[in-house]
Amino acid sequence: MRQAFYSAVRGAADVAWKGFQWANRKVPARSFHPAWSPEPLPKSHERTKPPLGFPRRTDSLCPVCTREVRDAIVKGQEDLKALIDGHPGEIPADIVQRGQEIWMVKTCPKHGAFEDLMSSDVDFYRRLEGNFFGRDVRIGKDKLHEHGSSAIRYGRGAVLTVDLTNRCNMMCNPCFMDANQVGYVHELTLDEVKKILDDSVSFKPRRQMVVQYSGGEPTMSPHFLEACAYAKKVGYRLVQAATNGLRFAIEPEFAFQAKEAGLDMVYLQFDGTTNESNAHRHITNLFDVKTIAIDNLAAAGIRITPVVTVVNGVNNHQVGPIFDFCLANHDKMGGPAFQPVSFTGRDEEVSDEARLRQRYTTSHLAHDLARYYDGRIDPYRDWYPLGSATALAALADHMKGPEADFGQLSCGCHPNCGAATMMVANAGTGQWATVMSFFDLERFFRDIDVIVDSARGKTLTVTQLGLSFLRNFDEKKAPGGLTPLKMLELFDGKMGGGVAGHTEQKKSDWRITSIPR
């Protein structure tokens, strides 16, 4: 009876939605010009997307040329402007299919041929590119001249990463930044940090809402707490730190000091759920140390996102257990962010043989999780490019109104850059399911484009959103106890309360989590 009721509601919502869009077509859509943007925001059809598909040619870099020019700049043999004006190491590259794999191949006139695996599954790769909805905004030359080259970086609302220091309290591999290895200390002064933050919020569009302090180990900087406080002072609403967690484990009071200063979240280095799976970091009890850091950070009210550098043959077998660990400790941490290894820093001179052996792509992650969970996470249904979620940012911007000072974080990265799967989990029952297993997320994202393009008032916008939720929610496939209304509340919490008008999410056993790459 209940399922029949929801089936009827779903059908009625679909009819009402189509009728609403007939009215939208009859009444011209308005422009939406928030205070944080110098001009009205573009409609969905005015946005662009990069060239996709394969085979195709793209721009790339020679890994040897880039190292050579960097070393020359450090030694004073080359001016820093060479990176801006000289385009060192830029070479064309071809993205091609080989059997069921996608590869990038390129040739440097000076250093010869290079090739690397981009995806182990051509169908998975094709799906990600097919669900890239074109979130980047075309910026004319006049705007680039007016705002400078930083307009692209800040205007899109990407996370601003500030490397406070190259010092670290660990000496491990892999290390993307080559911390403690270059023979000198490079550390920003507090005045330099303040200038970076001041500059970053001076541009329009003012989408930049997130700053992440990194390093080295950012907590080793003598200015870490002051940097957190100043970021909040100038308007950053979310302050993060990419950390190994050691200082938070050793000094419990430091977590409370950081929270008071303004630290909201840590991206915690986390390679596995046993000491053995962390052994390549050269600390024998590192997992035990991580659990202490997690407890201390959670006690201070700092949100935790475990960041997992996945190296094939080292810890790829841990991707399932790590997600299990996150679900079991849902009261302390969010879902894991998997980061397939990048061969930079201490690993930049890796041999071709070792690089291909250790390479771990998003497609590997999707299939490993599918096997671990017996198909409950489907590689061809449940994964979307990260940029797709900017539909939610666009909706939140509209709901917050034209008077808002800052726009939502809107990551329009290339579909080859990363992907994620969203899921709902119940803290009380332990139930979980991918959102896409019962909710048509692809159509919902396209519905949001229609809603935002129409630029109606809040009442009509919420009405359209409700109809979209009802027509895309399949109650027969949803976990028991999860209704469309509860699902809408979960999304509202993710958007900062843009629909309901409050910033605190209602208390509920249900929550939305994700597994991004």
For residues [X] and [Y], determine if any side-chain heavy atom of one lies less than 4.5 Å from a side-chain heavy atom of the other.
X: Val452; Y: Ile448; answer: yes
X: Thr461; Y: Leu395; answer: yes
X: Gln240; Y: Val266; answer: no
X: Met104; Y: Asp94; answer: no
X: Met423; Y: Ile377; answer: yes
X: Phe114; Y: Val105; answer: no

Report the residue from Asn244, Val308, Thr309, Val307 that forms a side chain to side chain contact (heavy atoms under 4.5 Å, CB included) with Gln269. Asn244

Main chain of [Y], side chain of [X]: is a donor-acceptor contact present, judged purely on distance under 3.5 Å?
X: Lys486; Y: Gly481; answer: yes
X: Arg511; Y: Gly334; answer: no
X: Asn312; Y: Arg357; answer: yes
X: Lys43; Y: Asp453; answer: yes
X: Arg471; Y: Arg10; answer: no
X: Asn315; Y: Gln318; answer: no
X: Tyr267; Y: Gln212; answer: no
X: Asn275; Y: Phe287; answer: yes
X: Arg359; Y: Val341; answer: yes
X: Asn131; Y: Leu128; answer: no

Starting at [atom1] of [X], measure out to [atom2] of [Y] and round the result to the nearest 0.5 Å.
X: His317; Y: Asp368; atom1: NE2; atom2: CG; result: 11.0 Å
X: Asp324; Y: Asn329; atom1: CG; atom2: CG; result: 11.0 Å
X: Asp271; Y: Ile322; atom1: CG; atom2: CD1; result: 7.0 Å

When the aromatic ring centroids of Phe323 and Phe338 are compared, is their separation below 6.0 Å? no

Are Phe54 and Trp103 an aromatic pair by the rule of ring centers under 6.0 Å? no

Applying side chain to side chain contact (heavy atoms under 4.5 Å, CB included), run through Arg281 and Met170 and close with a yes or a no. CA-CA 8 Å; Arg281 299 289 181 181; Met170 291 181 65; 3.9 Å; yes

I would like to know whether Leu164 and Val162 meet side chain to side chain contact (heavy atoms under 4.5 Å, CB included); could you show each step before the answer? CA-CA 6 Å; Leu164 295 180; Val162 180; 4.0 Å; yes

Residues [X] and [Y]: side-chain donor-acceptor under 3.5 angstrom:
X: Thr274; Y: Asn278; result: no
X: Thr429; Y: Gln431; result: yes
X: Glu217; Y: Thr243; result: yes
X: Thr434; Y: Asp382; result: yes
X: Ser363; Y: Ser120; result: yes
X: Asp447; Y: Gln464; result: no

Is the Lys NZ or Arg CZ of Arg126 less than 6.0 Å from the centre of Tyr380's six-membered ring, within 45° of the axis? no

cation_pi(Arg376, Trp432) dist<6.0 Å, angle<=45: yes

With salt bridge (Lys or Arg N to Asp or Glu O under 4.0 Å) as the criterion, how do Asp123 and Arg127 come out once you've worked through the C-alpha distance, each side chain's angles and the decisive distance to 0.1 Å? CA-CA 6 Å; Asp123 294 326; Arg127 169 177 168 74; over 6 Å; no

As a quick check of understanding, evaluate salt bridge (Lys or Arg N to Asp or Glu O under 4.0 Å) for Asp264 and Arg303, giving each step before the final call. CA-CA 6 Å; Asp264 299 295; Arg303 293 153 54 190; over 6 Å; no

Side chain to side chain contact (heavy atoms under 4.5 Å, CB included) between Val319 and Leu369, worked out: CA-CA 7 Å; Val319 295; Leu369 288 171; 4.1 Å; yes

Can you label the angle between the Phe491 ring and the Phe444 ring as parallel, tilted or perpendicular, going by 30° and 60°? tilted

For the pair Phe124 and His367, name the ring-plane relationship: parallel under 30°, tilted 30 to 60°, perpendicular over 60°. tilted

Residues in ring-ring contact (aromatic ring centres under 6.0 Å, His included) contact with His364, at least two apart in sequence or another chain: Tyr360

Between Ile294 and Phe325, is the side chain to side chain contact (heavy atoms under 4.5 Å, CB included) condition met? List the steps. CA-CA 12 Å; Ile294 290 169; Phe325 181 85; 4.1 Å; yes

Begin from the C-alpha positions of Lys106 and Glu90 and carry the test salt bridge (Lys or Arg N to Asp or Glu O under 4.0 Å) through to its verdict. CA-CA 11 Å; Lys106 54 191 177 183; Glu90 289 190 11; over 6 Å; no

